[in-house]
Amino acid sequence: FFGYLVRHLDRRRHAGIYVACIEALGALGDAASVDALQLALKAGDWWAPVRTRRGRVAAAAALRKIGSTEALETLRHAARAGARGTRAAARAELANLA
């Protein structure tokens, strides 16, 4: 359910609900959660940098919280490739692993 909302919810209108769904996916921690969080980590709007950052930081934190091999590999890949904000959020959460 939360994965569906992360994929289809209008982030602009329901930013708080969107972030809450991302956090719920981090608590669930299954493979479907990792896929949805990967999409959330990459999603963003250039005209809404604060909202975009909030979503990316929440997605990266949820992936770190899951801690599975797939989740951590998703963070490592995002830290190497992607938008600047995506890389920054992923790097910050990878730094918290140590």
Side-chain angles (χ1 to χ4, degrees):
F1 175 72
F2 294 117
Y4 176 85
L5 288 177
V6 166
R7 286 182 180 92
H8 297 353
L9 191 67
D10 185 1
R11 294 186 315 269
R12 292 175 288 180
R13 289 189 175 169
H14 308 289
I17 295 171
Y18 180 73
V19 171
C21 289
I22 289 172
E23 292 169 351
L25 287 173
L28 292 174
D30 59 355
S33 296
V34 173
D35 292 338
L37 290 170
Q38 181 178 15
L39 292 173
L41 188 59
K42 294 178 182 179
D45 300 317
W46 64 270
W47 61 85
V50 174
R51 184 177 59 229
T52 296
R53 182 175 183 268
R54 192 175 305 134
R56 286 179 175 163
V57 166
L63 285 166
R64 182 185 53 82
K65 184 177 180 181
I66 291 172
S68 69
T69 304
E70 184 181 5
L72 295 179
E73 185 55 37
T74 300
L75 272 178
R76 288 184 189 104
H77 182 269
R80 290 188 309 265
R84 181 174 45 130
T86 302
R87 291 191 316 263
R91 287 178 184 153
E93 288 303 322
L94 287 172
N96 289 336
L97 284 176

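The analysis underlying the following values was restricted to heavy atoms, covering all of them including side chains, and did not include hydrogens, waters or symmetry mates.
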Considering only distance and modelled atom types, tabulate donor-acceptor pairs under 3.5 Å from the side chains of residues 14-40, sequence neighbours left out.
| from | atom 1 | to | atom 2 | distance (Å) |
| --- | --- | --- | --- | --- |
| Asp30 | OD1 | Ser33 | N | 3.0 |
| Asp30 | OD1 | Ser33 | OG | 2.4 |

TODO: Examine distances only and state if a side-chain atom of Thr74 and a backbone atom of Glu70 form a donor-acceptor pair shorter than 3.5 Å.
DONE: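 Pair found, side chain donor or acceptor close to backbone of Glu70.
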
Task: Main-chain N/O of Leu41 paired with Arg56 side-chain donor or acceptor, under 3.5 Å - done: yes

- [ ] Quick one: list whatever passes side chain to side chain donor-acceptor pair (under 3.5 Å) with Arg54, sequence neighbours left out.
- [x] none

At what distance, to the nearest 0.5 angstrom, does [atom1] of [X] lie from [atom2] of [Y]?
X	Y	atom1	atom2	value
Ile66	Arg64	CD1	CZ	11.0 Å
Arg91	Arg80	CZ	CZ	10.5 Å
Leu63	Arg76	CG	CZ	11.5 Å

Open item on the list: Using the rule that Ile, Leu, Val, Met, Phe, Trp and Tyr join whenever any side-chain heavy atoms are under 4.5 Å apart, tell me whether Val57 and Val50 fall into a single cluster.
Closed with: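 Shared cluster, no.
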
Task: Where Ala79 and Ala90 come nearest, the two heavy atoms and their spacing - done: N-CB, 3.6 Å

Task: Residue pair Arg11 / Ala43: nearest heavy atoms and the distance that separates them - done: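 Arg11 and Ala43 have their closest heavy atoms at NH1-CB, 3.7 Å.
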
TODO: Go through the steps for Asp45 and Arg12 under the test side chain to side chain contact (heavy atoms under 4.5 Å, CB included), then give the verdict.
DONE: CA-CA 9 Å; Asp45 300 317; Arg12 292 175 288 180; 4.0 Å; yes

TODO: Give a yes or no on whether Arg7 atom CZ has more than 12 heavy-atom contacts from other residues, nucleotides or ligands under 6.0 Å away.
DONE: yes

- [ ] Kindly give the cluster partners of Trp46, where membership spreads through any ILVMFWY side chain lying under 4.5 Å from a current member.
- [x] Trp47

